[in-house]
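Single-structure report; data block below.
Excluded from the calculations below are hydrogen atoms, water molecules and symmetry mates; all remaining heavy atoms, backbone and side chain alike, are included. Convention: sequence-line order gives letters A, B, ...; per-chain numbering from 1.
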2 protein chains.
Amino acid sequence: MLPEHNILFKNINTEDCKRMITCFNADIRRYKSGSCIANYDEYNDKIGIVLSGRAVMVRYDINGVRTIIESLEEQSIFGAFFTFNISKRNTIEIVSETDCEIMFVRRSEITKRCEKACQCHSKVVENLLALMSEKTISLSERIEVLSQRSIEDKLISCLEIIEDKTPDGKTPQIPFSTTALSDYLCVNRSALQREISKLKNAGVLTISKRKFKFLRPKD
Amino acid sequence: MLPEHNILFKNINTEDCKRMITCFNADIRRYKSGSCIANYDEYNDKIGIVLSGRAVMVRYDINGVRTIIESLEEQSIFGAFFTFNISKRNTIEIVSETDCEIMFVRRSEITKRCEKACQCHSKVVENLLALMSEKTISLSERIEVLSQRSIEDKLISCLEIIEDKTPDGKTPQIPFSTTALSDYLCVNRSALQREISKLKNAGVLTISKRKFKFLRPKD
DNA sequence: ACTCCCTTGTTGCAATTGCAACAGATTTTT
DNA sequence: AAAAATCTGTTGCAATTGCAACAAGGGAGT
């Protein structure tokens, strides 16, 4: 994907875009699926934007337990700046799930007053605001899911959010394998499997591969 | 607190501030402790900023179980725009914990291009960006806590984050009662109490009222 | 087609957590 | 100051969840 098609440069003409990408010292890199795109063992103010592909932010605790902190779809932003303090007990990494193109920009480059006073600069800041707004929504959804008290409720809450985002006519699809989903819901895999089977047997929903469908009339 | 002292208007002179507050149609309201400041049963694009006092974003599910979604300290922002889709099964409210002053601004007023092209406008957008950045950090911390697999780990993670934020020399303090803390950690109160007692007996930490201290040498 | 590796699905058992109930402490209201 | 309401701390028991182990399924690569 061309960087100028990124939401960050929305409503800015291609000419200005190219100029700004240089002006920002933007760095565009490609990663194979399964690569480590970034890790947060030290502070830096780089902002990453997923131009194409999909990545996840993961944490491994001292026992090696994996937690998927966030799923980063196309157009998502990430960076130490948007995340909690780096703890000594955890390792946080951004890992590509598919082949990815990532654009890196220093936050300070974006927020600093541009000497050249280019108009599009403030436009970029506004666009960044919109991206961040989306991020807070995505994080809030995550909290919504994790704050459920039982595995069943976590699962249903998660699936409902996916369902809500699915365009009419399309079949809702989980962006993870069941194993990864358990890391995302922060529960034991086999306990999650048990709940899935229970819901299937109870006729609440159907799940086949990653596609699912609630059987009750949507209220 | 004077609204012009709010972070949103940082680096903007008092004169311009007053002008902008009018320009934005900013609405400043006072609330007694325990009042409902906002509820998200319908969409609106109002942004709320806590000028003084403290509030919480809470959810009550159909069973009346309370979850404290966020603790909103002074200078925090909130709004439906930053939150997940409103579900029919949940009620989300902002409730004041102390007496509060809240400033409401419509998001569209801030992001729209100002006809008068006032310079400070883009400064406000940048400030909003900083506020949102803090918000994403605060939400990420919340996820960090909730993603822990046991009550003990949730508690420790939560306390460590509070400890990290406490200025040197001051005693770290939980912003909640134990009962409210259990709603924040999304666990049963007496189970939480049990874990607190266990940690105290094991000599890991001391807790008296809301003040606490880890006894192990900080690593 | 075969191997290797990872995922799915299941189960018994152990550990953790939730629930309910209660007594005492603390805070708020009258 | 008394009464009411809320919060703290504890415990036995029930329910949920985690753990470990295993069999079976599916995909990628040779």
Practice task
Take A:N188 and B:R194, find for each the nucleotide of DNA chain D with the closest heavy atom, and name the residue whose nucleotide sits nearer the 5' end.
Solution key: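 This one resolves to B:R194.
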
d([atom1], [X]; [atom2], [N]) in whole Å:
X      : N      : atom1 : atom2 : value
A:E97  : C:dC6  : CD    : C1'   : 14 Å
B:L199 : D:dT8  : CG    : C1'   : 17 Å
A:N201 : C:dT11 : CG    : P     : 10 Å
A:R66  : C:dC6  : CZ    : C1'   : 12 Å
A:I151 : C:dA15 : CD1   : C1'   : 14 Å
B:I207 : D:dG9  : CD1   : C1'   : 13 Å
A:L181 : C:dG9  : CG    : C1'   : 15 Å
A:L192 : C:dT10 : CG    : C1'   : 14 Å

Do you know which two heavy atoms are closest between [X] and [Y], and how far apart they sit?
X      : Y      : result
B:F212 : B:T171 : O-CG2, 3.8 Å
A:I162 : A:P175 : CD1-CD, 3.9 Å
A:V145 : A:K154 : O-CG, 3.3 Å

Problem - B:S147 side-chain N/O to A:C186 backbone N/O, donor-acceptor pair under 3.5 Å - result: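 Pair absent, no side-chain N/O of B:S147 close to backbone of A:C186.
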
Please determine, for the side chain of [X], which listed nucleotide ([options]) has the closest atom?
X      : options                : value
B:S177 : D:dC7, D:dG18, C:dG18  : D:dC7
B:T179 : D:dC7, C:dT8, D:dT11   : D:dC7
B:R189 : C:dT17, C:dA21, D:dG18 : C:dA21
B:Q193 : D:dT17, D:dG9, C:dG18  : D:dG9
B:S190 : C:dT11, D:dT10, D:dA21 : D:dT10
B:K209 : C:dC13, C:dT8, C:dT26  : C:dT26
B:A191 : C:dG18, D:dT8, D:dG18  : C:dG18

Practice task
Would you kindly say whether B:R189 and B:T179 are connected by a side-chain donor-acceptor distance under 3.5 Å?
Solution key: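 Not at all, the side chains of B:R189 and B:T179 share no donor-acceptor pair under 3.5 Å.
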
Practice task
Return the 5'-most residue of the pair A:I196, B:E195 with respect to DNA chain C, ranking by each residue's nearest nucleotide.
Solution key: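 Counting from the 5' end, the first nearest nucleotide belongs to A:I196.
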
Exercise for the section: Could you tell me whether the phosphate oxygens of D:dC7, OP1 or OP2, come under 4.0 Å of any side-chain nitrogen or oxygen in B:T178? Expected result: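 So the side-chain polar atoms of B:T178 never come under 4.0 Å of the phosphate oxygens OP1 or OP2 of D:dC7.
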
